[in-house]
Amino acid sequence: MSRAIRPFEPRDFDRVHQVCVAAFTSVHEGFEQALGREIFAREYPGWQARYADDIRALIADPNVQLHVVEDAGVIVGFVTTRIDPARKVGELGLNGIDPAHQGKGIGKEMYAFALRNLKERGADYAYVGTGADAAHAPARAAYQAVGFDRSIPVVYYYRKL
């Protein structure tokens, strides 16, 4: 297997954004189904472009590192890590795996790498946020597989006025 995890380089931006959008398409489809078209359109307009903005903001943050996962020279996933050096807290942040490469253990490998990275940078513990919906079930399973074992459920309710 020719899989490698390496630091993000500016030339990776378009592919990372492409993987991000592909990885989160099913999540947003689920959101639209759950919320209905009207609320979804107001809450998530231009969500694909917003991920490009999110990635730009992350790579500009000095406390964030972005790494990519390559398989046979093709970027198939990415993960961001953020550290709060004063509190020694690490966050496994925005991350995704190309849907064509999901279910192959890449997420577990990527998350284990990210946790080692955070520990090397001085974090005493780490956290990750994810959704409780069905589309996030694989992510929850992968996080649990690398030792995340405590959670605080969050629920958002919507209603039309």
Side-chain angles (χ1 to χ4, degrees), residues 1-28 30-31 47-156:
M1 192 174 296
S2 59
R3 196 177 298 154
I5 300 175
R6 64 167 177 79
F8 170 88
E9 297 174 6
R11 66 184 169 92
D12 301 328
F13 182 87
D14 288 341
R15 178 63 183 152
V16 168
H17 180 246
Q18 182 182 48
V19 168
C20 184
V21 169
F24 284 96
T25 293
S26 65
V27 170
H28 288 278
F31 289 173
W47 64 268
Q48 298 95 333
R50 286 173 40 188
Y51 277 119
D53 294 339
D54 292 345
I55 294 165
R56 284 185 191 97
L58 287 165
I59 60 179
D61 184 332
N63 292 316
V64 172
Q65 290 185 5
L66 192 156
H67 287 84
V68 298
V69 180
E70 286 186 334
D71 194 357
V74 176
I75 294 173
V76 297
F78 71 96
V79 62
T80 61
T81 55
R82 173 181 282 124
I83 188 156
D84 178 337
R87 295 185 313 132
K88 296 185 176 186
V89 175
E91 176 189 8
L92 198 157
L94 182 64
N95 67 88
I97 309 281
D98 184 321
H101 296 272
Q102 292 175 359
K104 299 177 181 178
I106 296 170
K108 291 178 205 168
E109 182 181 339
M110 186 171 74
Y111 303 142
F113 168 86
L115 293 171
R116 286 191 308 273
N117 173 277
L118 287 167
K119 186 172 184 169
E120 289 169 4
R121 289 163 54 203
D124 290 333
Y125 70 92
Y127 69 94
V128 61
T130 191
D133 57 302
H136 283 92
R140 291 192 307 275
Y143 299 145
Q144 291 168 355
V146 295
F148 286 98
D149 61 357
R150 299 168 193 208
S151 66
I152 300 171
V154 176
V155 177
Y156 292 97

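A donor-acceptor pair under 3.5 Å is formed between the side chain of Arg121 and the backbone N or O of Asn63. The backbone N or O of Leu58 sits nowhere less than 3.5 Å from a side-chain atom of Asp61 that would complete a donor-acceptor pair. Remark: the backbone N or O of Ala123 is not paired with any side-chain donor or acceptor of Arg87 at under 3.5 angstrom.
Put simply, the side chain of Glu109 does not reach to within 4.5 Å of the side chain of Val69, judged on heavy atoms. Residues Ile75 and Arg6 have side chains in contact (heavy-atom distance under 4.5 Å, counting atoms from C-beta outward). In this structure the side chain of Leu66 never reaches within 4.5 angstrom of the side chain of Pro7, judged on heavy atoms. Side-chain contact between Phe78 and Asp12 is absent, with no heavy atoms from C-beta onward closer than 4.5 Å. Side-chain contact between Phe113 and Thr81: absent, with no pair of heavy atoms (C-beta onward) separated by less than 4.5 Å. Side-chain atoms of Tyr51 and Val19, non-hydrogen and from C-beta on, never get closer than 4.5 Å to each other. A 4.5 Å side-chain heavy-atom check between Val21 and Trp47 finds at least one atom pair inside the cut-off.
Summarising the geometry, atom CD belonging to Glu91 is positioned 11.5 Å from atom CD1 belonging to Ile83; distances are rounded to the nearest 0.5 Å. In this structure, NE2 in His67 is found 5.0 Å from CG in Asn117, a value given to the nearest 0.5 Å. A distance of 5.0 Å separates CZ in Phe31 from CG in Asp133, rounded to the nearest 0.5 Å. Remark: Gln144 CD to Lys108 NZ distance equals 11.0 Å, nearest 0.5 Å. One finds the NZ atom of Lys119 at 9.0 Å from the CG atom of Asp124 (value rounded to the nearest 0.5 Å). Atom CE of Met110 and atom CG of Asn95 lie 4.5 Å apart (nearest 0.5 Å).
Between Ala112 and Val146, the shortest heavy-atom contact is N-CG1, 4.1 Å. Minimum interatomic distance between Ala23 and Ser26 (heavy atoms only, all atoms of both residues): O-OG, 4.2 Å. When every heavy atom of Ala139 is checked against every heavy atom of Thr130, the shortest pair comes out as CB-OG1, 4.0 Å.
Under 4.0 Å is where a charged nitrogen must lie from a carboxylate oxygen, and between Asp98 and Arg15 at least one such pair does. By the 4.0 Å N-to-carboxylate-O rule, Arg50 lies too far from Asp53 to be salt-bridged with it.
Ring geometry for Phe13 against His17 counts as parallel: the plane angle stays under 30°, on a 0 to 90° scale with 60° as the upper cut. Ring geometry for Tyr143 against Tyr111 counts as tilted: the plane angle lies between 30° and 60°, on a 0 to 90° scale.
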